[in-house]
Protein chains: 2
Amino acid sequence: MTGNATLYDVARAAGVSLATASRSLNGSARKVNEEYRQRVLAAARELGYTPNVSAQAVARGSSATVALLVSDITDPYFSAIAAGVIRAADDEGLNVTMAVTERDADRELELVRLLRGQRPRVLVLAGSRFTDGTGDAALVAELDSFAATGGRVVLISRHSFSFDTVAIDNTGGAGALAASLAGLGYRGFAILAGPANLVTAQDRAAAFTAALPVPPVAVVHGAFSRDAGYAGMLELIDGGLDGIDLVFAVNDVMAIGALAALRDRGIEAPGRVAVAGYDDISTARDVSPALTTVRVDLESAGAAAVGLALGSLEGPVSIPAEVILRASTPGR
Amino acid sequence: MTGNATLYDVARAAGVSLATASRSLNGSARKVNEEYRQRVLAAARELGYTPNVSAQAVARGSSATVALLVSDITDPYFSAIAAGVIRAADDEGLNVTMAVTERDADRELELVRLLRGQRPRVLVLAGSRFTDGTGDAALVAELDSFAATGGRVVLISRHSFSFDTVAIDNTGGAGALAASLAGLGYRGFAILAGPANLVTAQDRAAAFTAALPVPPVAVVHGAFSRDAGYAGMLELIDGGLDGIDLVFAVNDVMAIGALAALRDRGIEAPGRVAVAGYDDISTARDVSPALTTVRVDLESAGAAAVGLALGSLEGPVSIPAEVILRASTPGR
DNA sequence: CTGTTAGCGCCTTCAA
DNA sequence: TTGAAGGCGCTAACAG
């Protein structure tokens with residue numbers, strides 16, 4: 001009742017050996033006399049026994065956990081991925097341990113090291129790589145070493161030769177979006193392109209640009225955040241908005257920031273400028289005007305990551321993108 | 001390089017004993033010859049040594065982990081709390097493992113059991129209790145037993161005699177909000193009250209009601225979600241909206257759903273009905289009209305939880321609430 | 001099918 | 001200060 005009961009306690013209470021207790025409680029191959037088994041289960045319940053997973057991990061050499069690294073858990077993009085990872089892990093009886101990189105490559109590397117200390121069964125890295133490959137070599141070395149010891153690593157939205165990957169369709173979606181918008185009659189495009197060194201951001205901006213009938217009028221860089229979207233939009237507004245009739249933000253949170261900036265400055269959206277984003281986070285439909293965007297099922301991306309790691313899914317996995325036209329881009 | 005280096009490997013490489021290696025790498029009391037210490041550190045770096053935290057946990061009897069239980073990580077309310085917990089834990093060198101209850105009491109109990117298996121140093125439960133006390137006894141027993149073995153448990157937004165608690169000011173905030181709105185001239189109040197069996201939801205609804213100059217015209221229950229807010233608002237609309245000039249949703253996601261319902265039905269907000277929420281999630285200011293709400297610093301609530309658990313903070317902690325008036329309640 | 005017995009990797013007295 | 005050795009709780013051969 002008070003102290004944590006150990007397997008040994010359970011075994012003794014049930015009048016069986018440690019091994020038998022282990023086998024009836026946690027063992028994989030079930031070859032235990034049913035009567036013993038029941039006695040053990042009863043004793044375990046009686047004593048409030050909880051297997052010490054650390055001890056199990058030590059004995060087995062690997063723990064029933066999946067380690068998840070995200071850039072920022074308050075970002076709906078990552079919380080959706082996390083939800084998928086947690087759900088899928090849970091279905092497989094795995095625990096999830098999580099850390100936040102804050103989009104800092106050094107910190108990311110350090111956290112991977114830390115997380116490795118848990119000897120997790122799988123390590124999922126969500127979040128785009130930097131274009132300049134900052135710290136890439138060290139990270140890859142760390143991941144390689146982890147994989148070499150039997151760990152599975154899965155990257156979400158990050159290309160790699162050596163690891164399983166859940167690709168998010170950035171180029172296809174951005175291209176399709178550009179085509180749709182052009183079809184709607186827009187001709188003056190500005191892009192809130194996000195961080196110049198973030199692969200995802202650049203892929204989206206580049207693909208969007210490539211699919212445009214005319215070159216964009218303006219491209220402004222900044223962080224991947226709501227506030228950066230706000231600031232970027234302000235910059236465009238202060239630039240006069242000349243020839244701009246549509247602003248594409250490379251993700252929804254930036255787009256939502258842009259809408260806020262327009263509202264604060266009293267500029268009509270979509271009347272004066274239309275706005276589009278990417279990801280289809282849940283609030284995209286709840287802002288006003290409702291946001292045109294590209295839907296990506298992030299939650300299933302997270303789930304797919306653990307599926308890949310556990311072999312219940314065959315790679316490579318690519319999460320499709322679908323253009324969602326809403327009120328923020330009515331066409332002209 | 002390939003296999004995971006163990007402490008023993010490091011010790012051998014450095015030409016010292018296991019104990020010395022342990023002391024220079026992870027030991028608390030620092031009483032190691034500086035030269036040895038350096039040799040050990042060098043060897044560790046050389047070999048890419050990562051301490052096996054499971055083994056440490058087994059040896060020490062507790063792991064450097066805080067286990068966090070939330071209802072739904074995609075809900076901004078909980079992701080903010082999670083962010084605070086993760087940040088604070090990280091500052092203390094603790095890992096965070098997380099699980100999602102989906103607001104199911106049985107599942108919650110099961111997850112607490114599972115998490116206990118990790119022998120975490122602290123266990124944080126975020127999310128309101130049910131008013132009917134479903135499964136309360138079993139949960140408390142489980143928590144008591146955990147505490148008895150030296151674990152720290154902290155509850156966020158949940159009352160308890162025996163455990164540390166981070167209180168969220170639901171009654172004060174809701175009362176203040178009601179007073180503000182009454183002062184603005186509103187007189188016809190409807191409440192989207194959320195789940196009838198969730199303490200937080202009921203506290204807010206009750207305190208709001210109590211501080212009103214007149215009884216509410218309508219109270220509709222439902223889930224704690226955006227969609228339930230939408231559905232609830234629809235219900236009010238279909239009821240004719242008679243005498244209603246303000247709708248208070250007990251949390252922001254519901255309020256945002258309500259706003260969406262109004263928009264979809266072509267009813268002007270705040271012209272015809274004003275709307276207010278609770279929590280001040282980040283999108284509250286980005287919807288249109290911007291949402292009047294009650295700000296609660298959820299991230300610091302999460303951080304406070306680990307502070308309490310680690311004793312770096314004295315309890316009881318109460319997170320204050322502050323009324324934030326925005327465009328959704330202009331006054332009449 | 002059951003029990004005995006090594007470990008797993010690490011921490012921590014206990015002598016030296 | 002250092003090293004040897006026992007033990008943490010559990011699993012997995014290995015014999016019976």
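Sequence lines set the chain letters: A, B, ... in the order given, protein chains first and strands last, and positions in each chain run from 1. All values derive from a computational prediction rather than experimental measurement.
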Colleague: Would you call A:Arg87-A:Asp90 a salt bridge at under 4.0 Å N-O?
Modeller: no
Colleague: Residues in side chain to side chain donor-acceptor pair (under 3.5 Å) with A:Ser157, at least two apart?
Modeller: A:Thr200
Colleague: Mind jotting down which residue pairs meet the side chain to side chain donor-acceptor pair (under 3.5 Å) criterion with at least one end in residues 65-75 of chain B? Sequence neighbours excluded, please.
Modeller: B:Ser63-B:Thr65, B:Asp72-B:Thr74
Colleague: Axis-to-axis angle across the helix from C:dC1-D:dG16 to C:dA16-D:dT1, five pairs an end, to 10 degrees?
Modeller: 40°
Colleague: Apply side chain to side chain donor-acceptor pair (under 3.5 Å) to A:Arg39 and list each qualifying residue two or more places apart in sequence or on a separate chain.
Modeller: A:Glu35
Colleague: For B:Thr20, what residues pass the side chain to side chain donor-acceptor pair (under 3.5 Å) criterion, not counting sequence neighbours?
Modeller: B:Ser17
Colleague: Roughly how many Å is it from CG in A:Leu25 to P in D:dG9, rounded to a whole number?
Modeller: 15 Å
Colleague: Using a 4.5 Å cut-off on heavy atoms from C-beta on, say whether the side chain of B:Leu155 contacts that of B:Asp164.
Modeller: no
Colleague: Between B:Arg12 (CZ) and D:dT2 (C1'), how many Å, whole number?
Modeller: 19 Å
Colleague: For nucleotides 2-11 of chain C, read 5' to 3', which letter fits each nucleotide if B means a protein heavy atom sits under 4.0 Å from the base, S means only the sugar-phosphate is that close, and - means neither?
Modeller: BBB--BBBBS
Colleague: Given B:Arg116, which of A:Thr50, A:Asn4, A:Asn52 fulfils the side-chain hydrogen bond (donor to acceptor under 3.5 Å, both in side chains) condition?
Modeller: A:Asn4
Colleague: Should A:Val66 and A:Arg121 count as side-chain neighbours, where that means a heavy-atom distance under 4.5 Å?
Modeller: no
